[in-house]
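To keep things clear, I will list the structure first and then write my remarks on it.
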Amino acid sequence: LTSSLYFLLPLVCVSYSLTSITAVVCLRTSPLPFTVYIGNATLTLTYPLHLLLTQGYDSTLRLLRRPAAASPPPTVVPHPPLKLSVVPPFLVLLLTSNVLYIVSLTHLPPSLAVAIFSTSPAFVYLLSLPLLSLTHTWPRLFCVFVSISGVFVSSVPLTASSLPPVLLMLGSASAAACYKVLMRLILPSSPPSSITLLLTYIGSAITLLAWPYPYLTNSYPDSWSFLFPQILHSLCLLTFNASINIAASRHQPIHVSMATLMSVPLTAVLSYAAFGDGVTGR
């Protein structure tokens, strides 16, 4: 079930919308560097949480400790073979996409940000043709062009002040597209354990390498009001990253990226309910 596209696409769609909404709430209670750092650093918990959900508490502790003299019980799945050499490109693309997305959210309403990010399928389609040998068909190209153009033209009020965040969001969409295609290219049909382990490696690298930035910029919240929004945002971000990575490794990225397009009306409704803005931010 967890590998089925019919299960993963709605999960990606809902978690992506909630991630965008909770990110805006976090930015209202926490400085930008702190929000970016905490959100990405919590990816470290992805693999332990996967083990906890699939193996149970006791088996998870035994597996994470991995005593040298004792072999794990037969019911425990060993660590999946995942080469550390594949981590750096995914780390760079994921961090680039997330940072550009959060920075853009400081200037755009979440409904508009999600609408612009929905251009990602176009980038995925163009990359999939040479890298994944995706079969080119004119109906498929026409559908991608019409859907992306409709969202983009109807939702982007291009002005001198809105152009920079729009370009940042397009950069985030293109980096996310590269990430999905690379996932399918390097780790095709990987089990969820391998994907969640990759996310834990990425989160650990961000935690170790980027921690001085919030400290040096003194980017910490002034009160504890940030705690609940940050926890909620981190949970949504964990769910989104785990589901979209598993989907991208098992299915064509062009199909997976359509979940972001499906999230546009949901995010517009949630954004209106939470902040009182529409798709265009008015």
Side-chain angles (χ1 to χ4, degrees), residues 8-9 12-24 27 32 36 39-40 89-132 134 140-141 143-158 162-185 202 236-237 240-241 243-245 247-249 251-268 271 279-281:
L8 290 171
L9 281 189
V12 171
C13 175
V14 174
S15 61
Y16 175 55
S17 296
L18 292 176
T19 298
S20 301
I21 298 295
T22 54
V24 174
L27 290 172
L32 174 63
V36 172
N40 287 280
F90 289 110
L91 169 63
V92 172
L93 289 172
L94 180 65
L95 192 58
T96 299
S97 179
N98 287 349
V99 169
L100 293 180
Y101 191 92
I102 297 296
V103 173
S104 182
L105 271 178
T106 61
H107 304 282
L108 297 173
S111 53
L112 178 56
V114 169
I116 300 171
F117 190 83
S118 297
T119 55
S120 180
F123 296 110
V124 170
Y125 182 78
L126 294 176
L127 291 171
S128 297
L129 290 174
L131 296 179
L132 300 179
L134 182 69
R140 178 181 292 171
L141 180 61
C143 290
V144 171
F145 176 77
V146 169
S147 60
I148 300 306
S149 299
V151 170
F152 189 74
V153 171
S154 64
S155 62
V156 180
L158 286 178
S162 66
L163 185 58
V166 167
L167 294 177
L168 289 177
M169 188 58 70
L170 289 175
S172 175
S174 60
C178 293
Y179 186 98
K180 296 185 189 79
V181 173
L182 194 66
M183 176 66 68
R184 181 66 177 175
L185 187 66
I202 292 175
C236 294
L237 189 61
F240 169 69
N241 278 296
S243 57
I244 200 168
N245 276 269
S249 72
H251 304 281
Q252 283 291 345
I254 186 63
H255 299 150
V256 178
S257 61
M258 295 307 289
T260 59
L261 193 63
M262 294 161 49
S263 67
V264 172
L266 175 60
T267 308
S271 180
V279 175
T280 61

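Using modelled atom types, one side-chain atom of Ser97 and one backbone atom of Ser172 make a donor-acceptor pair closer than 3.5 Å. Checking side-chain atoms of Ser128 against main-chain N and O of Tyr125 turns up no donor-acceptor pair under 3.5 Å.
Here the shortest heavy-atom pairing between Val124 and Ala177 reads CG2-CB, 3.5 Å. Looking at every heavy atom in both residues, Leu18 comes nearest to Cys236 through CB-SG, 3.7 Å. Of all heavy-atom pairs between Val12 and Ser243, the closest is CG2-OG, 3.4 Å. Annotation for Leu105 and Pro110: closest pair CD2-CA, 3.8 Å, computed over non-hydrogen atoms. Residues Leu170 and Thr119 approach most closely at CD2-OG1, 3.4 Å, considering heavy atoms. Summarising the geometry of Met183 relative to Ser249, their closest heavy-atom pair is CG-N, 3.7 Å, with the distance given to 0.1 Å.
The closest side-chain heavy-atom distance from Gln252 to Leu132 is below 4.5 Å. Counting heavy atoms from C-beta on, the side chains of Val114 and Ser17 never come closer than 4.5 Å. Using a 4.5 Å heavy-atom threshold, the side chains of Leu94 and Asn241 count as touching. Side-chain contact check for Leu93 versus Leu182: some heavy-atom pair is nearer than 4.5 Å.
In this structure, CG on Leu9 lies 5.5 Å from CE on Met262, to the nearest 0.5 angstrom. Put simply, CG on Leu127 and OG on Ser174 are 9.0 Å apart, with the number rounded to the nearest 0.5 Å. Rounded to the nearest 0.5 Å, atoms OG (Ser111) and CG (Leu266) are 11.5 Å apart. Atom CG of residue Leu131 and atom SG of residue Cys178 lie 8.5 Å apart, to the nearest 0.5 angstrom. The structure places OG of Ser104 at 6.0 Å from CD1 of Ile116, a figure rounded to the nearest 0.5 Å. Within the model, atoms CD1 of Ile102 and CG of Leu168 stand 12.0 Å from one another, a figure rounded to the nearest 0.5 Å.
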Please test Thr96 against Tyr179 for side chain to side chain contact (heavy atoms under 4.5 Å, CB included), starting from the C-alpha separation and ending with a verdict.
CA-CA 10 Å; Thr96 299; Tyr179 186 98; over 6 Å; no
Audit row: Lys180, Ser120, side chain to side chain contact (heavy atoms under 4.5 Å, CB included) steps and yes/no
CA-CA 10 Å; Lys180 296 185 189 79; Ser120 180; 3.5 Å; yes
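Exactly one residue among Asn98, Leu32, Leu27, Val36 makes a side chain to side chain contact (heavy atoms under 4.5 Å, CB included) with Val103. That residue is Leu32.
Between Phe117 and Tyr101, the two ring planes are perpendicular [angle over 60°; tilted spans 30° to 60°].
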